[in-house]
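FYI, side chains are in, hydrogens and waters are out, and symmetry mates aren't considered; it's all heavy atoms of this structure.
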Amino acid sequence: MSSLSGKQGPRYRHLADDTEPYETIAVEKLTPVIGAEISGVDIGKLVSDQSRSNRELDEIHRALAENLVIFFRDQHITPAQHLAFGRKFGELHIHPAAPHEGDDPALMKNLCG
């Protein structure tokens with residue numbers, strides 16, 4: 001996986017190899033073309049435990065590159081952990097008109113529920 005920096009932020013390129021298994025996470029494709037659900041990871045521990053290996057995060061980056069959209073279910077994280085996890089993928093976008101939570105405008109408010 002390589003980070004291709006440009007004016008619009010980092011981009012990740014990964015050539016998928018179906019024979020290369022994931023070792024630290026489980027990835028279930030949602031469609032043949034786009035989307036996957038990742039399980040076997042606790043985002044709260046991932047961003048707060050500095051002694052952890054980068055392998056788990058590397059595999060999450062790979063899953064994103066291969067599937068373009070990834071989902072994590074049943075995560076119980078704080079707003080600070082949510083922001084820290086997002087920043088593992090690059091600079092966060094701040095939408096000038098979007099309502100936000102707390103003091104950080106990068107944490108947009110969920111208007112759907």
Side-chain angles (χ1 to χ4, degrees):
M1 174 174 18
S2 65
S3 175
L4 306 171
S5 295
K7 291 183 180 179
Q8 298 176 348
R11 299 290 181 259
Y12 298 96
R13 180 185 307 159
H14 180 82
L15 300 175
D17 180 4
D18 291 337
T19 62
E20 188 179 345
Y22 290 94
E23 296 174 3
T24 64
I25 62 173
V27 178
E28 182 180 339
K29 287 189 163 291
L30 299 175
T31 74
V33 179
I34 189 171
E37 183 176 325
I38 296 179
S39 59
V41 62
D42 181 338
I43 292 173
K45 287 182 181 177
L46 183 68
V47 297
S48 63
D49 187 354
Q50 299 301 325
S51 65
R52 292 181 69 92
S53 164
N54 287 333
R55 180 73 175 147
E56 194 171 31
L57 191 58
D58 288 345
E59 288 192 347
I60 292 170
H61 277 273
R62 177 181 147 210
L64 177 60
E66 289 177 356
N67 298 286
L68 307 175
V69 178
I70 53 177
F71 300 92
F72 300 85
R73 297 200 190 274
D74 302 321
Q75 296 291 316
H76 303 284
I77 58 175
T78 66
Q81 290 170 324
H82 193 162
L83 289 166
F85 182 67
R87 288 185 175 112
K88 299 276 186 187
F89 296 87
E91 186 177 335
L92 300 178
H93 173 76
I94 298 173
H95 191 286
H100 63 275
E101 295 279 342
D103 295 332
D104 194 327
L107 186 61
M108 291 191 285
K109 185 180 282 190
N110 179 2
L111 300 176
C112 296

What pair of heavy atoms forms the shortest contact from V27 to A36, and how long is it? CG1-CB, 3.7 Å

When rounded to the nearest 0.5 Å, the distance separating OG1 of T24 from CG of D58 is 8.5 Å

What pair of heavy atoms forms the shortest contact from R73 to E37, and how long is it? NE-OE1, 2.9 Å

Just so I know, are the side chains of K88 and V47 near enough to count as touching, which here means a heavy-atom distance under 4.5 Å? yes

How long is the gap from CD1 on I94 to CG on L107, to the nearest 0.5 Å? 10.5 Å

Locate the shortest heavy-atom distance separating A106 from R87; write the atom from each residue and the value. CB-NH2, 4.3 Å

Given 3.5 Å as the limit, does a donor-acceptor pair link the side chain of E59 with the main chain of E23, or not? yes

Would you compute the distance between atom CG of N67 and atom CZ of R62 and round it to the nearest 0.5 angstrom? 9.5 Å

Heavy-atom side-chain proximity of F72 to I43 below 4.5 angstrom: yes

Nearest 0.5 Å please: distance from the NZ atom of K29 over to the CD1 atom of I34. 10.0 Å

Return yes when atom CD of Q75 has more than 12 non-hydrogen atoms of other residues, nucleotides or ligands closer than 6.0 Å, and no otherwise. yes

Between L83 and L64, is there a shared hydrophobic cluster once you connect ILVMFWY residues whose side-chain heavy atoms come closer than 4.5 Å? no

Measuring only between side-chain heavy atoms, which start at C-beta, is L92 closer than 4.5 Å to D104? no

Donor-acceptor pair, side chain of E56 and main chain of D42, under 3.5 angstrom: no

Given side chains that start at C-beta, do those of Y22 and I38 come closer than 4.5 Å, heavy atoms only? no

Can F71 be reached from F89 by stepping across I, L, V, M, F, W or Y side chains whose heavy atoms are under 4.5 Å apart? no

